[in-house]
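Heads up, the thing below is written out as structure tokens.
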Amino acid sequence: MKRERPLVEALQKFAGQEPHSLHVPGHKNGSISNLPKEMQQALRYDMTELTGLDDFHQPEEAIAEAEELLRQTYEADRSFFLVNGSTVGNLAMIYATCQRGDTVLVQRNAHKSIFHALELVGVQPVYLAPEWDEYTFTPTHIDLNVVKEALQHFPNVKAVILTSPTYYGVVTEQLKSIIDLCHTYKIPVLVDEAHGAHFIASDSFPMSALALGADIVVQSAHKTLPAMTMASFLHVKSSLVESEKVNKYLRMLQSSSPSYLLLASLDDARHYVSTYIEADAHYLMEKRMQWIESLRAIDELLVIEVDDPLKLLLRVRGYTGFQFKEQLERNQLYVELADAEQVLVILPLLKRGDAYPFADMRIRIKEAVAVLLTTEKEALPKLSEQFSLTKIVMPEYSFEEVEQLEKEWIPYMRAIGRVAASMIIPYPPGVPLFIPGEKITVAKLSQLEELLAIGAAFQGDHQLNKKHIYVIKQ
Ligand SMILES: Cc1ncc(COP(=O)(O)O)c(C=O)c1O
């Protein structure tokens, strides 16, 4: 009989035999652990590649079966489970399609993992600046005409690397035309769809880049499907990319001791999305709309809908998203992120009849807004457009050149016109503001100042506490 969740079932069967462990991991099925009881219980399933549990890097049994079901669900040529997030998927897709010295077109508002991959592989990026959306106050997609122009200048690029949807759930209707255009040049399109693993669940969601013809698509199952953190998917559907090459790099980049909890969770998430029916979507959309309407009745609260119905933006006029987030957290309500304008919330992919504490969350939001309104408004700096008006930008130096050149720390106020030597990444969303090799413009510096002023957090190699950044020595 065909198994519905092959990996979950194999794991259950194995653990059900009450096996003794003379193997790794050292917690011996959870029996040697000081973790709290509830956590210890999960360790019973934290297995390794034992007889009956298949081999992640050479799958022939339960993992192969589960990945085949994943492939069928997403209608790909080949699909892979990832145990190190979309991060490893982004690395592998770039390793599999590019070689040192190749040129690629890259959407500039991509996640840091894309830029890390470019640096590791040693490719020469040409950055494409996104459009600015006044509705969400976020950078969004690359305009079709920009891709057209870039391809005329660089017809021999090895890949076009896009991000869709954005962290904020925005997509473009031009995506299919962009993919088709790249394919006329026989250039593969690689899409970081980290935030869109649920798109295939229903027509209520935007279309997945995979269905629109993209060659490789990476999805963080853990972001919008009920999967454990890090659990992700990679799909290949292409006559331009060899899936075996992707496999080769995934074998190199992923652990040789994959977590079976993550793998089981991926199998379960795939089953969840493949059994999602229109009645579920109808229920979700109705619950969502009722909640939105109830929120809109709260004075001074603005609810912004975006392309992805699982995402919403909440704003309180006169206050930054950071101020709002702080009040929400005082009421034990945790949102995905805050920015200068708003907070971003992510709704669950509910199935018919699922309960979710919408009413209670509304009460907490209402209380948070009421308290927020008694606090001092922070002057709302209108975030300057993050990206240059020049839509196609070659960095001043390649990653390799940056590595070799002399560098220095200088006050960022004196950095206009200099070239960045390290990445500075407002986090979340994880889109770098400065990338090694890129010229530092007035617009970029004022954005850094604005972000610092409103208390944004930064990752990367920086000394922002001393107001210093790392640049190429002149
Ligand atoms: C657009 C985008 N791509 C990739 C990633 C990395 O995904 P993961 O955390 O699954 O490694 C993120 C994480 O936030 C993201 O927002």
Side-chain angles (χ1 to χ4, degrees), residues 70 79-95 106-120 127-128 130 133 136 138-142 161-172 175 189-199 206 208-210 214 216-235 249-250 253-255 258-259 261-263 265-266 269-270 306-308 310-311 313 334-339 343-346 386-387 423 425-433 435 456-460:
L70 176 68
S79 296
F80 299 90
F81 287 158
L82 308 178
V83 292
N84 189 23
S86 285
T87 294
V88 81
N90 285 343
L91 292 176
M93 74 179 179
I94 293 173
Y95 268 109
V106 189
Q107 182 166 340
R108 177 59 181 80
N109 56 329
H111 183 256
K112 59 182 178 165
S113 54
I114 295 283
F115 301 102
H116 291 154
L118 301 179
E119 181 168 355
L120 285 168
Y127 297 128
L128 306 183
D133 178 19
T136 55
T138 60
T140 56
H141 63 285
I142 307 299
I161 305 167
L162 303 175
T163 302
S164 178
T166 65
Y167 209 131
Y168 289 78
V170 181
V171 296
T172 170
L175 186 56
V189 180
L190 319 181
V191 181
D192 176 350
E193 197 174 72
H195 292 268
H198 60 295
F199 282 4
S208 164
L210 198 69
I216 305 183
V217 172
V218 172
Q219 301 167 331
S220 292
H222 67 93
K223 290 193 196 296
T224 51
L225 299 181
M228 283 174 69
T229 295
M230 290 211 290
S232 300
F233 301 141
L234 183 150
H235 310 284
Y249 285 103
L250 284 175
L253 295 165
Q254 298 207 90
S255 171
S259 156
L261 291 176
L262 288 184
L263 291 175
S265 171
L266 279 167
R270 188 275 315 152
V306 293
D307 298 316
D308 177 0
L310 287 193
K311 305 240 166 133
L313 305 175
Y334 289 84
V335 295
E336 176 64 15
L337 64 77
D339 66 25
V343 297
L344 167 67
V345 307
I346 307 185
Q386 283 181 27
F387 296 95
M423 231 182 248
I425 313 157
Y427 201 88
V431 174
L433 184 58
I435 296 178
F458 291 89
Q459 290 184 345

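Whatever order the structure lists ligands and atoms in, that order sets their numbers, starting from 1. In what follows, residues are counted from 1 in the order of the sequence shown. Worth knowing before you read on, the calculation uses all heavy atoms, side chains too, and leaves out hydrogens, waters and symmetry mates.
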Going by the atom numbers of ligand 1, which of them fall below 4.0 Å from some non-hydrogen atom of His222? 8 (P), 9 (O), 10 (O)
Nearest 0.5 angstrom please: His141 NE2 to Asn109 CG, how far? 10.0 Å
among protein heavy atoms, the one nearest atom 8 (P) of ligand 1 is Ser86 N, 3.4 Å
Measure the distance from atom 11 (O) of ligand 1 to every protein heavy atom, then report the residue, atom name and distance (to 0.1 Å) of the closest one. Thr87 OG1, 2.6 Å
Single hit among Leu344, Leu313, Val345 for side chain to side chain contact (heavy atoms under 4.5 Å, CB included) with Val335: Val345
Donor-acceptor pair, Asp307 side chain versus Val171 backbone, under 3.5 Å? yes
Near His195 (heavy-atom distance under 4.0 Å), the atoms of ligand 1 are 1 (C), 15 (C), 16 (O)
His198 and Asp308: side chain donor to acceptor below 3.5 Å: yes
Among all the protein's non-hydrogen atoms, which is closest to atom 14 (O) of ligand 1, and how far away is it? Lys223 NZ, 2.8 Å
Looking only at distance, does Tyr167 have an N or O less than 3.5 Å from an N or O of ligand 1? no
Is the backbone N or O of Tyr167 less than 3.5 Å from a side-chain atom of Lys311, with the two atoms forming a donor-acceptor pair by type? yes
Should Asn90 be listed as contacting ligand 1, given a heavy-atom distance under 4.0 Å as the test? yes
Heavy-atom contacts with Gly85 under 4.0 Å: which atoms of ligand 1 show up? List them by number with element. 8 (P), 10 (O), 11 (O)
In this structure, does ligand 1 have an atom that sits under 4.0 Å from one of the heavy atoms of Met230? no
Name the option, out of Asp192, Leu82, Thr166, Asn109, that contains the heavy atom nearest to atom 2 (C) of ligand 1. Asp192
Identify, by atom number and element, the atoms of ligand 1 in contact range of Ser220, meaning under 4.0 Å from any of its heavy atoms. 7 (O), 8 (P), 10 (O)
Between ligand 1 and Ser232, can you find any atom pair, the residue atom being a heavy atom, that is separated by under 4.0 Å? yes
Rounded to the nearest 0.5 Å, what separates atom CG in Leu190 from atom CD1 in Ile114? 7.5 Å
Short question: side chain of Ser265, backbone of Met228 - any donor-acceptor pair under 3.5 Å? yes
Around atom 12 (C) of ligand 1, find the nearest protein heavy atom and jot down its residue, atom name and distance. His111 CD2, 3.3 Å
Rounded at 0.5 Å granularity, tell me how far NE2 in His222 sits from CG in Leu262. 9.5 Å
State, without any angle test, whether Asp133 and Tyr168 hold a side-chain donor-acceptor pair at a distance under 3.5 Å. no
